[in-house]
Amino acid sequence: MKRVVVTGMGLITPIGNNIDEFWENIHAGKVGIGPIRNFDTSLYKAKLSAEVTDFEPKDYMSPKDAKRMDRFSQFAVAAAVQAMNDSGIDMEKEDAYRTGVCIGSGTGSLMGIEREYDKLLEKGPGRIHPLTAPMVLGNMAAANVAMAFGCKGKCIDVVTACATGTNSIGEAFRALQYGEADIILAGGVDSSVSKFGVATFQALTALTVSEDPLQASIPFDRKRDGFVTGEGAGVLVLEELEHALARNAHIYAEIGGYGATCDASHLTAPLEDGSGAAKAMELAIKDAGLMPSDVDYINAHGTSTPMNDKLETMAIKLAFGDYAYKVKINSTKSMIGHLFGAGGAVELITCIKSVNEGYVHQTVGLVDDDPECDLDYTKGSGVYMPVNVAISNSLGFGGHNATLLVKKY
């Protein structure tokens with residue numbers, strides 16, 4: 001089994017469109033939530049979203065290429081450009097068939113489907129964009145990244161709802177462990193703050209109805225009432241260790257373990273005892289050859305829904321026993337909302353920055369403690385502390401549970 005390290009990172013988020021800006025705003029506790037701008041919300045109970053601002057596709061690709069991509073694919077390419085530039089990889093010196101892409105999208109382009117469907121109804125089938133199919137399909141984020149860099153190895157789109165980003169990175173990790181590639185660009189992306197997307201989650205009563213951006217995404221707080229839809233992308237360059245050392249690459253961290261399970265129980269609700277998510281954490285820790293007490297920090301799925309936060313707390317207690325009360329926990333969604341397929345990737349980048357800098361950010365907006373959520377969720381302010389091992393959880397509709405473990409290299 002080969003060792004796998006992270007040598008490049010890039011992201012597009014509601015609080016920053018590059019790593020430095022994102023991390024500066026993480027320290028500042030900035031909340032990237034505001035009124036939905038994509039459509040008229042007068043008939044909607046949900047009024048808020050976490051949208052990307054100041055994004056210019058031309059900064060990362062030609063205008064011609066940008067026109068052939070929907071917004072989610074543009075995000076993925078932008079994050080991948082950042083990650084590849086950060087890694088220092090020269091594709092002319094690499095075997096293209098040993099360089100892969102594993103970037104998942106949970107929804108594809110709901111906004112693109114809506115846009116073209118409206119044309120279909122108003123003007124007929126002959127007026128929709130000729131490239132509609134390849135623009136809206138979820139795999140096109142990975143495909144466009146592969147085309148941007150000439151990656152001819154394994155190119156896949158893992159789709160596991162809100163666990164998409166974490167599963168995508170985990171499957172890339174496994175492929176590198178087994179020698180299927182030297183380099184894989186891995187991560188997740190979504191941009192689905194759309195009329196239909198918001199309506200579907202609203203129908204499930206999964207979204208917050210708060211109109212106060214600072215009281216909307218408040219994981220583990222007694223007053224939480226649902227999540228905030230968001231958009232963004234996170235891409236990491238994963239590299240086989242010996243390959244990275246041979247080119248004298250800067251190594252951010254090592255991917256130590258990966259665990260994935262399925263509740264096999266309910267379309268939306270996690271298992272009532274948290275055992276599915278607990279097993280994913282246990283598997284990731286065991287995969288890394290570590291014990292629960294070796295984990296310094298957990299970046300929780302932490303959606304700010306009443307059910308998720310309570311049951312994830314139970315899962316952490318199952319996996320960690322008494323040590324659950326000693327480990328630091330937070331939710332990055334308190335600042336960026338729920339980025340769906342991108343969430344796990346951006347949250348893993350947060351873990352890696354925490355390992356590098358010894359800083360665990362606060363769970364912003366957590367004020368009123370829920371007695372059923374009684375662990376240390378980094379309330380009030382961030383904490384400077386040694387972080388040698390961190391895990392990131394992602395839990396998706398359909399019962400998908402995924403955990404990644406990163407450690408100091």
Side-chain angles (χ1 to χ4, degrees), residues 7-22 38 51-94 96 99-113 115-116 129-157 164-165 168 172 183-194 230-238 339-342 345-346 349:
T7 58
M9 300 187 293
L11 47 67
I12 301 292
T13 78
I15 61 169
N17 293 336
N18 58 65
I19 296 291
D20 290 342
E21 182 184 8
F22 170 78
N38 286 348
E51 297 175 32
V52 168
T53 60
D54 301 321
F55 174 71
E56 293 289 346
K58 66 182 181 183
D59 293 340
Y60 305 97
M61 64 201 79
S62 71
K64 179 181 178 181
D65 287 341
K67 287 180 180 179
R68 299 166 74 91
M69 300 181 208
D70 254 317
R71 186 170 170 87
F72 81 110
S73 287
Q74 293 175 351
F75 284 174
V77 171
V81 167
Q82 292 176 33
M84 286 292 275
N85 288 342
D86 187 32
S87 73
I89 289 171
D90 181 353
M91 281 300 295
E92 292 186 0
K93 298 179 180 178
E94 301 297 335
T99 306
V101 179
C102 185
I103 296 175
S105 170
T107 65
S109 181
L110 292 183
M111 288 188 288
I113 293 170
R115 181 185 65 243
E116 300 305 323
H129 196 290
L131 294 179
T132 296
M135 288 175 71
V136 303
L137 294 174
N139 69 298
M140 286 300 161
N144 277 298
V145 169
M147 287 186 279
F149 297 101
C151 305
K152 296 184 178 181
K154 174 183 286 189
C155 181
I156 57 176
D157 166 31
T164 292
S168 295
I183 301 163
I184 299 182
L185 284 81
V189 60
D190 264 319
S191 178
S192 55
V193 185
S194 66
E231 62 178 356
V235 175
L236 300 89
V237 174
L238 303 189
L339 307 190
F340 301 110
V346 172
I349 289 172

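Treat the numbers as computed from the prediction; the structure is a model and nothing was measured. Throughout, numbering of the chain's residues begins at 1 and tracks the sequence.
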So which of V235, L185, V81 actually passes side chain to side chain contact (heavy atoms under 4.5 Å, CB included) with V145?
L185
Can you confirm whether [X] sits close enough to [Y] that some side-chain heavy atom of one is under 4.5 Å from a side-chain heavy atom of the other?
{"X": "M9", "Y": "L11", "answer": "no"}
{"X": "F149", "Y": "V101", "answer": "no"}
{"X": "P14", "Y": "L339", "answer": "yes"}

Flag, side chain of [X] to backbone of [Y], donor-acceptor distance under 3.5 Å:
{"X": "Q82", "Y": "N17", "answer": "yes"}
{"X": "N144", "Y": "S73", "answer": "no"}
{"X": "E116", "Y": "H129", "answer": "yes"}
{"X": "D90", "Y": "E92", "answer": "yes"}

R115 and D70: CA distance, side-chain angles, deciding distance, side chain to side chain contact (heavy atoms under 4.5 Å, CB included) verdict:
CA-CA 11 Å; R115 181 185 65 243; D70 254 317; 3.2 Å; yes
Restricting to non-hydrogen atoms, name the atom on [X] and the atom on [Y] that form the minimum distance, rounded to 0.1 Å.
{"X": "C155", "Y": "A142", "answer": "SG-O, 3.6 Å"}
{"X": "V346", "Y": "A233", "answer": "CG2-O, 3.7 Å"}
{"X": "E231", "Y": "V52", "answer": "OE2-N, 2.8 Å"}
{"X": "G138", "Y": "S105", "answer": "O-CB, 3.8 Å"}
{"X": "G232", "Y": "A342", "answer": "O-CB, 3.2 Å"}
{"X": "M111", "Y": "V193", "answer": "SD-O, 3.8 Å"}

[X] [atom1] to [Y] [atom2] distance, which is reported to the nearest 0.5 Å:
{"X": "L238", "Y": "C102", "atom1": "CG", "atom2": "SG", "answer": "9.0 Å"}
{"X": "L110", "Y": "F72", "atom1": "CG", "atom2": "CZ", "answer": "9.5 Å"}
{"X": "M61", "Y": "M69", "atom1": "CE", "atom2": "CE", "answer": "5.0 Å"}
{"X": "M91", "Y": "C151", "atom1": "CE", "atom2": "SG", "answer": "4.5 Å"}
{"X": "T7", "Y": "M84", "atom1": "OG1", "atom2": "CE", "answer": "9.0 Å"}
{"X": "I113", "Y": "L137", "atom1": "CD1", "atom2": "CG", "answer": "8.0 Å"}

Using the side chain to side chain contact (heavy atoms under 4.5 Å, CB included) rule, take I89 and I183 through it: C-alpha gap first, then chi angles, then the decisive distance, then the call.
CA-CA 9 Å; I89 289 171; I183 301 163; 3.6 Å; yes
If you apply the rule side chain to side chain contact (heavy atoms under 4.5 Å, CB included), what do you find for M135 with S109, and how did you get there?
CA-CA 8 Å; M135 288 175 71; S109 181; over 6 Å; no
By side chain to side chain donor-acceptor pair (under 3.5 Å), which residues pair with T107, not counting sequence neighbours?
D190
Could you pull out all residues at least two apart from D86 that satisfy side chain to side chain donor-acceptor pair (under 3.5 Å)?
Y252
On the 0 to 90° scale, with breaks at 30° and 60°, tag the F55-F75 ring pair as parallel, tilted or perpendicular.
perpendicular
